[in-house]
Each structure stands twice: as structure tokens, then as C-alpha cells.
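These notes concern the structure reproduced below.
Both backbone and side-chain heavy atoms feed into the values below; hydrogens, waters and symmetry mates do not. In this text, all values refer to a predicted model and were calculated from it rather than measured experimentally. Chain naming here is simple, since letters A, B, ... match the order of the sequence lines and numbering starts at 1 in each.
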There are 2 protein chains.
Amino acid sequence: MTTPARRGRPRSEGADGRILQAAHALLTQRGYDRFAIDEVAARAGVAKTTLYRRWPTKDHLLVALVARIQDEVEVADTGDLRRDLTVYLGAVAHGLEGMRRVGREAAAADRSAGVVAELVAAAARHPDVGEAVRALFARRNTLPLRLLDHARERGALPPATSSEVLFDQLAGALYYRLLITGAPIGADYVEELVDQVLTQAATPHPERA
Amino acid sequence: MTTPARRGRPRSEGADGRILQAAHALLTQRGYDRFAIDEVAARAGVAKTTLYRRWPTKDHLLVALVARIQDEVEVADTGDLRRDLTVYLGAVAHGLEGMRRVGREAAAADRSAGVVAELVAAAARHPDVGEAVRALFARRNTLPLRLLDHARERGALPPATSSEVLFDQLAGALYYRLLITGAPIGADYVEELVDQVLTQAATPHPERA
DNA sequence: GTATTTACGCTACGACAGTTGCGTAAATAC
DNA sequence: GTATTTACGCAACTGTCGTAGCGTAAATAC
């Protein structure tokens with residue numbers, strides 16, 4: 001992994017790290033719309049132009065920050081689908097509730113989707129940011145998707161079940177509440193959601209002749 | 001509904017309409033981040049300050065626009081749940097795909113969530129905008145929720161089913177794909193989604209002793 | 001050594017959101 | 001009529017994102 005000895009002046013050692021660190025501090029303190037790029041640059045001890053050479057817009061910087069913050073969510077595959085799903089989705093929901101409070105006084109505790117909404121908008125504004133965000137989520141979702149695959153293989157889900165669609169249902173419900181309805185997504189809701197999906201999947205009833 | 005004869009100079013007749021019309025035209029032409037408030041005011045023939053007296057931020061104006069654009073989605077309750085859901089969600093998905101293209105050259109056709117993403121961000125930035133958006137969706141969702149209630153009552157869904165949670169699953173899947181994964185939400189996907197939810201709900205299988 | 005390449009810091013600038021202050025217009029209250 | 005209240009238009013201003021130009025610093029190529 002040695003650098004192949006580029007041509008001109010090398011990039012300032014550690015500037016990236018100092019910028020991200022300063023940006024992270026300001027983001028968590030004030031939120032996305034109330035911190036200025038100029039201030040990030042000043043705190044990091046670099047010129048604003050240097051920052052822009054690395055991240056061409058504030059939106060790009062945001063993705064880099066979120067990708068950094070986002071801690072990996074553990075995925076246990078114990079064979080108890082209900083339990084595994086509840087644990088996993090509970091962790092996701094908890095993480096999202098945390099994102100909600102980034103840059104707000106805890107007292108606020110309103111129903112805003114916070115920084116996740118900004119991330120979504122950033123992805124919509126710039127194609128390359130969108131690509132990066134989608135890659136982030138694709139990577140994050142591989143393990144839970146595999147969890148559903150295994151469940152289907154061992155007969156815990158109907159054989160015709162599509163893991164992708166089922167995952168859309170589960171994750172979608174959480175993001176829908178976070179971003180659209182603003183409804184809370186606590187542990188109790190996650191349990192109800194998983195319960196309903198799996199109970200549905202196990203209870204026969206009329207219709208569908 | 002006669003005006004109670006207010007005190008001072010009345011608001012300029014029709015200014016609201018002209019502003020909204022001008023803003024709508026610019027929004028559909030260029031998209032949210034590439035049209036300027038100054039330009040809207042100029043086209044509407046009012047001073048910028050007059051516009052700001054009505055909508056305190058660009059985000060507020062956006063909600064007013066979307067609320068205006070959003071056509072009511074028909075909800076048929078024929079007794080055939082699968083069909084009714086497919087039709088309803090198909091219309092919603094079609095509307096969302098339309099929102100995706102607002103302000104973009106048709107050629108682009110990328111995976112951006114477009115104006116919906118901006119709406120979500122606007123809701124996250126201002127508490128009152130969030131309130132308005134949530135009211136918009138609550139109103140929009142009453143009929144489909146009733147549809148699910150009826151289905152449960154006549155035994156087409158398990159009696160323990162929560163309409164709210166089920167609706168989160170369905171609508172959530174669509175918005176999740178629109179806003180997060182960028183995956184298409186065409187008629188084929190809607191059919192697969194409804195099919196899977198209802199097939200799950202009708203097919204017994206092991207697990208859940 | 002000199003030439004070249006790439007990054008840096010700095011200053012100035014353009015575009016746009018949103019604000020402020022002020023003079024004026026259009027209504028009601030008396 | 002005059003006083004009061006509310007809206008309007010206009011112009012100037014601030015804050016912030018992002019860009020452009022330029023001189024300089026630190027590396028490699030020869």
C-alpha cells in the first residue's frame with residue numbers, strides 16, 4: 001500500500017482528518033443548516049479552498065461525515081428469526097433516533113427526521129452523492145438480507161418470499177415513519193412490526209381463494 | 001365565509017395565486033435548487049418582500065406548491081383487497097415517479113428522489129413545515145387505512161392485524177425505495193409487493209410454534 | 001542545479017436566501 | 001375630513017455557498 005510517488009506537491013498530511021473532525025463537531029453541535037464551511041475550515045486550520053478541493057460541496061462533506069459516524073450494526077443469525085429481526089431492527093431504529101437528535105438541543109425532541117433527511121436531500125441533488133449513499137446502504141444491508149435468505153431456506157419463511165421485498169417492508173416502515181409521518185420508532189414499535197409480519201406469515205385466513 | 005372586514009389595507013388580490021403559479025412553473029422547469037425567489041417574485045410581478053410576508057422561507061413555499069400539485073389518489077373499496085391495494089399503491093407509485101422528474105430533463109432519468117427529498121428535508125428543518133407535511137399525509141392516508149380496516153372486518157386480514165403497521169409496510173417500501181435505495185417503483189414492483197404481503201398473510205408455514 | 005507538476009493560502013467575487021428600514025397606498029375608525 | 005392600521009414596493013444589507021485568479025510551497029523529472 002505504498003504510495004506510487006505522485007508527481008507534484010503531496011496533499012497536506014492529516015488535513016482530511018482535521019477537517020472531518022471539525023465538521024463533525026460543528027454538525028453535532030448545531031445541525032447541518034447552521035454550520036458554515038468557512039468555520040469548519042478555520043477550525044481545521046486550512047483555507048476554505050483546500051476544503052473544497054477535497055469535497056466539492058457541503059453535501060459531499062455530509063456524506064463523508066455520515067459514512068464515518070455510522071457504526072456497523074451487528075447482525076446475529078441464531079436461527080430464531082423473530083428474535084434476530086427484532087434485535088437487528090431495534091438497533092437500526094435506535095441509530096435512526098440518534099440521528100434525529102444530531103445538532104439539536106435534547107430538549108427539542110420534536111419529530112424531525114434531522115440529519116437523515118438532509119442526507120436524503122443531498123443524495124437527490126447530486127448524482128454522485130446519491131451513488132455513494134446507495135452504496136453505503138447496499139453494503140449495510142447485505143447481512144440482514146442474508147439473514148432472510150437463510151430463514152427462507154430453512155422453512156421459516158414461505159419459499160416464494162423475496163428477501164428484498166420483505167426487507168423493503170421492514171426497513172421501509174422505519175424510514176417511512178422517520179422521514180414522513182414523524183411517528184416514533186421505539187423498541188415497542190419494532191416489536192409490533194416484526195410480530196405482525198411474522199404472525200401474518202404464519203396465520204392462515206380466508207381471502208386469496 | 002364573508003371576510004369580517006379587517007382593519008388596514010387588504011392583501012393584494014390574487015398575488016398569492018400569481019406567486020404560486022410562477023413558482024410552480026419555475027419549479028417544474030428547473031427543480032428546487034435552481035430557481036431563485038427573486039425570480040419568482042419578478043415573474044409574479046410582486047416585490048420580494050411581499051412574497052416573504054406570505055411564505056417566510058423557500059421551504060414553506062415548497063410545501064404550499066406540493067400541497068397544490070398533489071392530486072387526490074382515488075381509493076376504490078370493491079371488496080377485492082388485492083386488487084384495491086394494487087390499484088391504490090400503483091397510483092401512489094406513479095405519482096412518486098412523477099415527482100422524481102420534476103425539474104429535470106426527461107433524459108436524465110437518474111435514480112434521484114427529486115422534489116420529495118427536498119420536501120422531507122424542508123419538513124426536517126422547520127417544525128411548522130413538518131407539521132404541515134404530516135397533516136398532508138395524514139389526510140391523504142385516511143381512506144387507504146379505512147380500506148384495510150374493512151378488509152380486516154370481513155376477514156380478509158387476520159383479526160390482530162394493525163392497519164397502521166400494515167400501511168407502514170406497504171407505503172414504507174415505496175418511499176424507502178424512492179428515497180434511500182433509488183430502486184424503481186413501477187407497476188411490476190407494486191404487484192410483487194402486494195402479492196407478497198397478501199400471500200404471506202394466506203400461507204401457513206412452520207416457525208412461530 | 002532548473003523545469004514541471006500539484007497543492008496550498010489568500011483575496012475577491014458572484015449568486016442567492018432572508019432581513020431591515022422607509023416612504024407610500026389602501027383600507028377602517030372616529 | 002383626520003388618525004390609525006396593515007400591506008405594498010424599493011433599496012440596501014448580511015450570511016453563506018461556491019468559484020476564480022494568483023503567488024507560493026513542496027514534491028518529482030532531468
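- One interatomic measurement links the two molecules: NE2 of B:H126 to C1' of C:dA17, which rounds to 11 Å at whole-angstrom precision.
- If you check distances only, the side chain of B:T49 never reaches the base of D:dC8 with a donor-acceptor pair under 3.5 Å.
- For A:R53 against C:dG9, a side-chain N or O and a base N or O form a donor-acceptor pair under 3.5 Å.
- For the 3.5 Å distance criterion, the side chains of B:Y32 and B:D59 qualify, holding a donor opposite an acceptor.
- Counting distance only, with no hydrogens placed and no angle test, the side-chain atoms of A:K58 and the base atoms of D:dG18 include no donor-acceptor pair under 3.5 Å.
- With rounding to whole Å, A:Y32 atom OH is found 14 Å from D:dT16 atom P.
- Searching all strands for a Watson-Crick or G-U wobble partner of C:dG18 with both distances below 3.5 Å returns D:dC13.
- Note: CD1 (B:I37) to C1' (C:dA15) measures 14 Å, nearest angstrom.
- The base of C:dT6 is not paired with the side chain of A:R7 by any donor and acceptor separated by under 3.5 Å.
- Side-chain atoms of B:D77 never come within 3.5 Å of backbone atoms of B:L147 as a donor-acceptor pair (strictly under, hydrogens ignored).
- If B:R9 and B:G45 are placed on DNA chain D by their nearest nucleotide, the residue sitting closer to the 5' end is B:R9.
- B:R100 and B:S112 share no donor-acceptor pair across their side chains, judged by distance under 3.5 Å alone.
- The side chain of A:P10 lies closest to D:dA26, out of C:dA17, D:dG18, D:dA26.
- Here D:dT16 presents its C1' atom at 15 Å from CG of A:L61, a figure rounded to the nearest Å.
- Between the side chain of A:T50 and the main chain of A:V46, no donor-acceptor pair closer than 3.5 Å is present.
- Residues B:G8 and B:P56 both approach DNA chain C. Their nearest nucleotides, taken by heavy-atom distance, put B:P56 toward the 5′ side.
- Listed pair B:R54 / D:dC8 meets the phosphate criterion, a side-chain N or O lying under 4.0 Å from OP1 or OP2.
- With C:dC8, D:dT6, D:dG18 as the choices, the nucleotide that has an atom nearest any side-chain atom of A:Y52 turns out to be D:dG18.
- Listed nucleotides D:dC8, D:dT16, C:dG18 differ in distance to B:T50; the shortest reach to its side chain belongs to D:dC8.
- Straight-line distance from the CG atom of A:L51 to the C1' atom of D:dT16: 14 Å, rounded to whole Å.
- Using the Watson-Crick or G-U wobble rule with both distances under 3.5 Å, D:dT28 pairs with C:dA3.
- Rounded to whole angstrom, the span from the CG atom of B:D33 across to the C1' atom of D:dG18 amounts to 14 Å.
- Evaluation of atom-type donor-acceptor distances gives no pair under 3.5 Å for the side chain of A:R11 against the base of C:dA7.
- The B:R6 side chain lies nearest to D:dT6 when the options are C:dT19, C:dC10, D:dT6.
- Distance CG (B:D38) to P (D:dC10): 13 Å, rounded to an integer number of Å.
- In this structure, B:R30 places its CZ atom 13 Å from C1' of C:dC16, rounding to the nearest Å.
- Around CD of B:E191, the count of heavy atoms belonging to other residues, nucleotides or ligands within 6.0 Å does not exceed 12.
- A residue-by-residue look at B:K48 and B:A15 shows that B:A15 has its nearest nucleotide of DNA chain D further toward the 5' end.
- By the neighbour-count criterion of 12 heavy atoms within 6.0 Å, atom CD of B:Q21 is sparsely surrounded, having that number or fewer from other residues, nucleotides or ligands.
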